[in-house]
Amino acid sequence: MEEPTAKRQKLNDMKRIGTHSGSFHCDEALACWMLKHTAAFKDAEIVRTRDNEVMKSLDILVDVGAVYDPATHRYDHHQAGFFQTFDDKHKTKLSSAGLVYKHFGREVVAHVMGLDVSNPAVELIYQRVYDRFIEALDGIDNGISQYPTDIVPNYRNNTDLSSRVGALNPRWNEPEDDLDARFQKAIAMTGSELVDAINYYWKTWYPAREIVEKALNERHNVHPTGEIMVLSHFCPWKDHLYELEADLALKEPLVKYCLFQDSSKQWRVQCVSLRPDSFENRLSLPAPWRGKRDTELSELSGIPDCVFVHANGFIGGNKTFEGAMKMATTALTFAQ
């Protein structure tokens, strides 16, 4: 007789996550997945309803209820007067995914990373995942365009996560008797992609940042001007450099050239562009070198073991580190 009583008590103690019934969207599916990966709601039942009396009894509501109040765990974004963003640096209004991520995201990110939430790496990945994953979901759900609406796109994109979640809903001429099962598929899909994003930034992006940060910190040991940095291992470095320079509020002279060893064990000298999206460099390799190769380039530059300089002057190569350094140091003072 004790076992049924214990089971009833467990059911009575079970927390319940509420969201709206009917057609579902990416934001509340991901919000539910995130909540199910927190200590407070990991065993919670998901209830889909629009019944106000039922909603009053639920422990937390997402994407329904017309209330945003973290103190009572109400996380809707549809009500008039709601203009919450992730922080003062962002302009995109939050969806239920962004709201739940704002309040529970650090815990979710730390759980996926296998670290304590106080680890500084968690905060960095938490911020990055919002910028590169969650914010787009917020924008799409709130109908916020990426660019001015008077620009006609050249093609339509129906392969983003929000579109793929939307496609899980029954078609107009299909029965709607399996909506809850379809919603569970949406929860699984969104959660899987969030985990992939966290793991990418933790296991691939973050290690590269450490390499670039070390190279940036040691740049004055490479050259007294601090305008040349050397990567200990090749990695995607440009975005990290711009962000680190901004974080450190660095001023001129900024890094002009990045040296790294390529897959053939030769060395590259790559220019730093003015901006991440720019083809113009802070300081291109000398014009007379551009488009030249091998012996011709070595004789012209007076630097042994040259391999090439691209015709646009944004990158060059040398067989040795010493040769690559000589190319960079000569380029710094070359009469452009």
Side-chain angles (χ1 to χ4, degrees), residues 89-90 105 109 112-115 119-137 146 157 159-161 192-223 226-250 253-285 307-318 321 324-325 327-328 331:
K89 298 177 183 178
H90 293 82
V109 169
V112 174
M113 292 170 67
L115 297 177
N119 191 300
V122 171
E123 182 65 23
L124 194 62
I125 303 304
Y126 166 74
Q127 296 286 342
R128 188 71 175 184
V129 168
Y130 182 78
D131 289 343
R132 299 303 176 95
F133 185 84
I134 302 290
E135 186 175 17
L137 308 182
Q146 286 181 283
N157 178 16
T159 62
D160 60 89
L161 181 57
S192 174
E193 298 211 10
L194 175 60
V195 169
D196 285 347
I198 294 170
N199 280 331
Y200 169 77
Y201 289 113
W202 170 228
K203 296 179 179 179
T204 302
W205 178 85
Y206 184 77
R209 183 182 176 91
E210 291 184 311
I211 291 171
V212 178
E213 186 171 18
K214 182 174 185 292
L216 185 62
N217 289 338
E218 295 177 352
R219 67 193 185 282
H220 287 101
N221 298 333
V222 174
H223 192 270
E227 294 176 278
I228 302 170
M229 72 176 194
V230 180
L231 301 180
S232 59
H233 299 85
F234 172 74
C235 62
W237 57 271
K238 295 179 183 178
D239 284 349
H240 293 295
L241 176 61
Y242 298 122
E243 290 179 6
L244 288 165
E245 287 178 337
D247 291 346
L248 297 170
L250 296 183
L254 298 173
V255 174
K256 304 301 190 298
Y257 303 116
C258 178
L259 274 61
F260 54 87
Q261 197 171 36
D262 63 21
S263 58
S264 66
K265 304 302 182 184
Q266 296 183 349
W267 283 83
R268 298 290 183 97
V269 184
Q270 187 162 355
C271 304
V272 180
S273 56
L274 289 177
R275 298 177 306 277
D277 58 350
S278 175
F279 291 107
E280 188 176 352
N281 302 311
R282 292 175 177 174
L283 186 60
S284 296
L285 293 171
V307 177
F308 78 99
V309 169
H310 192 277
N312 289 335
F314 79 95
I315 192 169
N318 196 286
F321 170 73
M325 269 299 299
M327 291 175 73

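Both backbone and side-chain heavy atoms feed into the values below; hydrogens, waters and symmetry mates do not. The first residue of the sequence shown is numbered 1, and numbering continues consecutively from there.
Every residue was checked against the side-chain hydrogen bond (donor to acceptor under 3.5 Å, both in side chains) condition with Asn199, not counting sequence neighbours, and none meets it. Scored by the side chain to side chain contact (heavy atoms under 4.5 Å, CB included) test, Tyr200 finds Thr204, Trp205 as partners (sequence neighbours excluded). For Asp262, the salt bridge (charged side-chain N to carboxylate O under 4.0 Å, His left out) partners at least two apart in sequence or on another chain are Arg268. Here Ala215 pairs with Met229, Leu231 under the side chain to side chain contact (heavy atoms under 4.5 Å, CB included) rule; sequence neighbours left out. Applying the side chain to side chain contact (heavy atoms under 4.5 Å, CB included) rule to Pro253 yields the partners Glu227, Lys256; only residues at least two apart in sequence or on another chain are considered. Judged as a salt bridge (charged side-chain N to carboxylate O under 4.0 Å, His left out), and not counting sequence neighbours, the contacts of Arg282 are Glu245. By the salt bridge (charged side-chain N to carboxylate O under 4.0 Å, His left out) test, Arg275 pairs with Asp277, sequence neighbours left out. Residues forming a salt bridge (charged side-chain N to carboxylate O under 4.0 Å, His left out) with Glu213 (at least two apart in sequence, or on another chain): none. With sequence neighbours excluded, the residues satisfying ring pair (Phe, Tyr, Trp, His ring centres under 6.0 Å) with His90 are Phe86, Tyr130. Applying the side chain to side chain contact (heavy atoms under 4.5 Å, CB included) rule to Pro276 yields the partners Asp239, Tyr242; only residues at least two apart in sequence or on another chain are considered. His310 pairs by the side-chain hydrogen bond (donor to acceptor under 3.5 Å, both in side chains) definition with nothing, not counting sequence neighbours. For Thr159, the side-chain hydrogen bond (donor to acceptor under 3.5 Å, both in side chains) test picks out Asn157, with sequence neighbours left out.
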Decide yes or no on side chain to side chain contact (heavy atoms under 4.5 Å, CB included) for Val129 and Leu194, but give the supporting numbers first.
CA-CA 8 Å; Val129 168; Leu194 175 60; 3.8 Å; yes
Would Glu218 and Lys214 count as a salt bridge (charged side-chain N to carboxylate O under 4.0 Å, His left out) here? Give the steps.
CA-CA 6 Å; Glu218 295 177 352; Lys214 182 174 185 292; 3.1 Å; yes
Does the pair Val272 and Trp237 meet the rule for a side chain to side chain contact (heavy atoms under 4.5 Å, CB included), with working shown?
CA-CA 10 Å; Val272 180; Trp237 57 271; 3.9 Å; yes
What's the verdict on salt bridge (charged side-chain N to carboxylate O under 4.0 Å, His left out) for Lys238 and Glu243, showing C-alpha distance, side-chain angles and the deciding distance?
CA-CA 9 Å; Lys238 295 179 183 178; Glu243 290 179 6; over 6 Å; no
Given side chain to side chain contact (heavy atoms under 4.5 Å, CB included), test Ile125 with Ile198 step by step and report yes or no.
CA-CA 7 Å; Ile125 303 304; Ile198 294 170; 4.3 Å; yes
Set out, in order, the CA-CA distance, both residues' side-chain angles and the distance that settles side chain to side chain contact (heavy atoms under 4.5 Å, CB included) for Leu216 and Leu250, then state yes or no.
CA-CA 11 Å; Leu216 185 62; Leu250 296 183; 4.1 Å; yes
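Rounding to the nearest 0.5 Å places CD of Gln261 at 5.5 Å from NZ of Lys265. Atoms CZ and CZ, from Phe314 and Phe279 in turn, are 9.5 Å apart once rounded to the nearest 0.5 Å. Within the model, atoms NE2 of His223 and OH of Tyr257 stand 10.5 Å from one another, a figure rounded to the nearest 0.5 Å. Rounding to the nearest 0.5 Å places CD of Glu193 at 4.5 Å from CG of Leu161. To the nearest 0.5 angstrom, Arg128 atom CZ is 5.5 Å from Tyr201 atom OH. How far CG of Leu124 is from CG of Asp247: 8.5 Å, rounded to the nearest 0.5 Å.
The shortest side-chain heavy-atom distance between Phe234 and Ile211 does not fall under the 4.5 Å cut-off. At a threshold of 4.5 Å between non-hydrogen side-chain atoms, the residues Arg209 and Leu244 count as touching. For the pair Val230/Arg219, no side-chain contact is recorded, criterion being any heavy-atom separation below 4.5 Å from C-beta on.
Here the shortest heavy-atom pairing between Ser284 and Asn281 reads OG-ND2, 3.0 Å. Nearest heavy atom pair, residue Trp267 against residue Phe321, reads CD1-N, 3.3 Å. Among all heavy-atom pairs drawn from His240 and Ala208, the shortest one is NE2-CB, 3.7 Å. The two residues Cys271 and Leu285 come nearest to each other via the heavy atoms SG-N, 3.7 Å. Taking each heavy atom of Gln266 and Val307 in turn, the nearest pair found is OE1-CG2, 3.5 Å. Shown here for Val212 and Cys235, the closest heavy-atom pair between the two residues is CG2-SG, 4.0 Å.
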